[in-house]
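Residue numbers start from 1 in every chain, and the chains themselves are labelled A, B, ... in the order their sequence lines are given, proteins ahead of strands.
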Amino acid sequence: MKNREVAAILARTADMLQIKGDNPYKIRAYRKAAESVYHLDEDIAILYEKGRLKNIPGIGDAVEAKIEEILKTGSCAYYDRLIREVPAGLLDMLAIPGLGHKSVKLIYDNLKTETLDELGEACKEGKIRNIPGLGVRTEENIIKGIEEIKQRGKKINLGIALPLARELLDYLQKSPLIETASVTGSVRRGKAQVSDIDLLLASNTPKAVHEYIKAFPAVSRTDYIEPDLVKGQLGREIAFEAIIVPPPDFYHSLVWTTGSKEHRKRIFAGFDRRDFEGSDSEAEVYYRLGMDFIAPELRENAGEIEAAIDGSLPKLVNAADIKGDLHVHSNWSDGSERIQDLAAAARSRGYQYIAITDHSRSLPISGGLTEERLQAQGKVIDALNNETDDFHILKGSEVDILKTGELDFSDPVLKDLDIVIASVHSHFKLEPRQQTERIIEAAKNENVDIIGHLTGRLLSRRSGYEIAVEEIIEVCARCNTALEINSHPDRLDIDENIARTAKEHGVKVAINSDAHHKKELDFINYGVITARRGWLEAKDILNALNRDELR
DNA sequence: GCCGTTTTCGGCCCGACTGTTTTCAGTCG
């Protein structure tokens, strides 16, 4: 049982209690406990064995007992009882934007609709508008929300898929039955969302490999087996495929299965599988194809084949090129760690600098800083910087772009900071023209260095706001304002396409973690993958600069 | 249900928008 799964049970407990209309503070307690468990640095099972669960903030006697039960049995009686009281479909309804726990309960009490489909039907029959407190707009909103959910399908964010794929890969690589193994498919190409996890294995004993795969603890089901293929499920909802090939075919198959389909179709046209037998690397496969090695992230038939033939592929940015993180939240706003602890974590990653960029005052839920507190924070940072020469904490802010395009701090205050990220956190539904102007206004401010999460998309939850991206990029190019690749796996915003456009216009890109916990500094890897998919090189990246160059 | 450098009981981040109302509850960030 992983931290993530324990956290999910606690979070669903909170959801069900909320639908039932239980004590709001109890609900918040469960949410907080779920958050804490999710962000633990250590394995919760190990903490439990050491008897240290109660050291976790937000976990007291009651939740401790439940976690103990969950670790031992996979669930707990309290949770099971709630499941019987609250139909699972009601939790799905919470994914509809604008529909919260109260409305879900209200609709259920009146109509007894238990699933998304039933709810959709009720809307179409005009039954929602008859419920006191709800109206036609709510009805329309629900229909739209359900459509969006259906359209998204069952895609998984890379942030979930990649760690799982690596875990399974680790396990497979330990087996003497398997000569070589790799993650492959869309996960290997680093797509922000994938539909399944694919692995490629080289082995002469596929049958024994089947048994070995089935024995992996996270494999919950194997439902399709052929001599060279195992299809199944990891955990409760993630599909995987393990493709088994004879060792001499491995690298050809790796190129083949990594895809994309369009890339594969074009490069292998006119070739035969036998042309690649015995290749000892992917580079050799590409060599036999008459072109340079193409990094997996580029294999989308977006010009990479031509570039590989004429030797003009970009030298893609690597994680090792990143010299610091320019977007991190401390416990001065909604982060959970002290500035010095974040700095220590960044330093141990080999960074030269970190920027503390807490929220500004207009975002009260996040504990946004007033100008006075921002100045006080600056003094704390000065003092920390005085203690060391080989690492630097930059004074920054993630300042809110207000509805008008004005910023949440005055220019003199911003001018004093080392780095300013301007981001939209409110009024997502402005007219496209107004929304575009609003961001352009911020990008033009000479104190703004970076525009944060440009489109505001949240993968699987919310599309970005409607803006004229290219127009904003042109302004950024003129005003020397950078764009952010927000590396949070729920955002990956800007995406690879916008990143590539930015590069073409000469706009620098900052790859930022937006960490709220020191552990989340690791998110940067997803940002690097996205940058690579956008053809970016180290010279395009703001925080690939050394500390002195950056300043 | 958690927590405590005045508390083992009585507190527990907040402000704005939306859609429903006709003064406000629900949702969001």
Side-chain angles (χ1 to χ4, degrees), chain A residues 9-11 13-37 53-68 76 78-79 82 93-110 123 128-145 329 331-336 358-370 373 398-404 408 423-430 434 452-453 456-458 461-465 486 488 490-491 493 514 516:
Chain A
I9 291 177
L10 295 173
T13 302
D15 277 337
M16 292 190 284
L17 288 173
Q18 201 167 358
I19 288 175
K20 278 172 50 108
D22 211 309
N23 175 358
Y25 295 109
K26 181 173 164 181
I27 293 160
R28 188 188 295 171
Y30 272 99
R31 285 246 155 76
K32 181 160 192 280
E35 277 281 300
S36 280
V37 171
L53 285 184
K54 290 232 301 210
N55 294 358
I56 303 169
I59 292 183
D61 293 325
V63 176
E64 182 193 34
K66 286 173 184 101
I67 292 178
E68 178 177 2
C76 69
Y78 185 62
Y79 178 69
L82 285 171
M93 294 176 196
L94 294 174
I96 298 168
L99 203 66
H101 301 83
K102 288 270 167 70
S103 308
V104 165
K105 172 150 198 311
L106 184 63
I107 294 169
Y108 178 67
D109 285 345
N110 276 274
C123 287
I128 301 295
R129 69 186 73 180
N130 295 329
I131 300 173
L134 303 178
V136 180
R137 304 291 288 272
T138 308
E139 214 167 73
E140 290 165 354
N141 178 53
I142 292 174
I143 293 175
K144 201 168 131 240
H329 296 272
N331 62 1
W332 282 68
S333 68
D334 58 352
S336 65
D358 280 309
H359 290 288
S360 59
R361 59 191 166 189
S362 282
L363 211 55
I365 183 69
S366 68
L369 269 52
T370 58
R373 285 192 71 224
E398 183 182 15
V399 63
D400 249 56
I401 304 175
L402 305 177
K403 190 176 179 182
T404 54
D408 202 15
S423 307
V424 165
H425 289 110
S426 61
H427 303 100
F428 300 138
K429 289 181 178 163
L430 294 185
Q434 200 186 348
H453 46 70
R457 76 170 179 179
L458 289 176
R461 274 187 283 163
R462 171 179 96 198
S463 2
Y465 8 94
N486 189 297
H488 194 296
D490 290 345
R491 292 189 182 271
D493 179 18
D514 197 1
H516 288 69

Using a cut-off of strictly less than 4.0 Å, decide whether [X] has a side-chain nitrogen or oxygen near OP1 or OP2 of [N].
X      : N      : value
A:R361 : B:dC14 : no
A:H427 : B:dC17 : yes
A:Y25  : B:dG1  : no

What is the distance, to the nearest angstrom, from the [atom1] atom on [X] to the [atom2] atom on [N]?
X      : N      : atom1 : atom2 : answer
A:E140 : B:dT18 : CD    : P     : 16 Å
A:E35  : B:dC12 : CD    : C1'   : 17 Å
A:L82  : B:dG1  : CG    : P     : 10 Å
A:N23  : B:dC12 : CG    : P     : 13 Å
A:E64  : B:dC3  : CD    : P     : 11 Å
A:N141 : B:dT18 : CG    : C1'   : 10 Å
A:I67  : B:dC2  : CD1   : C1'   : 13 Å
A:D334 : B:dC14 : CG    : C1'   : 13 Å

query: Checking all strands, does A:G60 fall into the base, sugar-phosphate, or nothing category for heavy-atom contacts under 4.0 angstrom?
result: sugar-phosphate

- request: Using a 4.0 Å heavy-atom cut-off across all strands, classify A:K66 as base, sugar-phosphate, or nothing.
  value: sugar-phosphate

How long is the gap from [atom1] on [X] to [atom2] on [Y], to the nearest 0.5 Å?
X      : Y      : atom1 : atom2 : answer
A:L17  : A:D22  : CG    : CG    : 5.0 Å
A:R31  : A:T13  : CZ    : OG1   : 10.0 Å
A:S36  : A:L53  : OG    : CG    : 11.5 Å
A:R491 : A:R461 : CZ    : CZ    : 8.5 Å
A:I128 : A:I142 : CD1   : CD1   : 4.5 Å
A:I56  : A:E64  : CD1   : CD    : 9.0 Å

Give me the distance, rounded to whole Å, that separates [N] from [M] when you measure between the [atom1] atoms they each carry.
N      : M      : atom1 : answer
B:dG11 : B:dT6  : C1'   : 14 Å
B:dT20 : B:dG26 : P     : 14 Å
B:dT23 : B:dC17 : C1'   : 16 Å
B:dT21 : B:dC14 : C1'   : 24 Å
B:dC13 : B:dT18 : C1'   : 22 Å
B:dC12 : B:dA16 : C1'   : 22 Å

query: Quick one: ring pair (Phe, Tyr, Trp, His ring centres under 6.0 Å) partners of A:H453, sequence neighbours excluded?
result: A:H425

message: By nearest heavy atom, map A:D61 and A:S366 onto DNA chain B; which one lands nearer the 5' end?
response: A:D61

query: Which base, if any, makes a Watson-Crick or G-U wobble pair with B:dT27, both distances under 3.5 Å?
result: B:dA16

message: Under 3.5 Å, is there a donor on one side chain and an acceptor on the other for A:S362 and A:D400?
response: no

field: Summary of protein contacts for nucleotides 20-29 of chain B, nucleotide by nucleotide, where a base hit scores B, a sugar-phosphate-only hit scores S (4.0 Å, heavy atoms)
entry: SS----SSSB

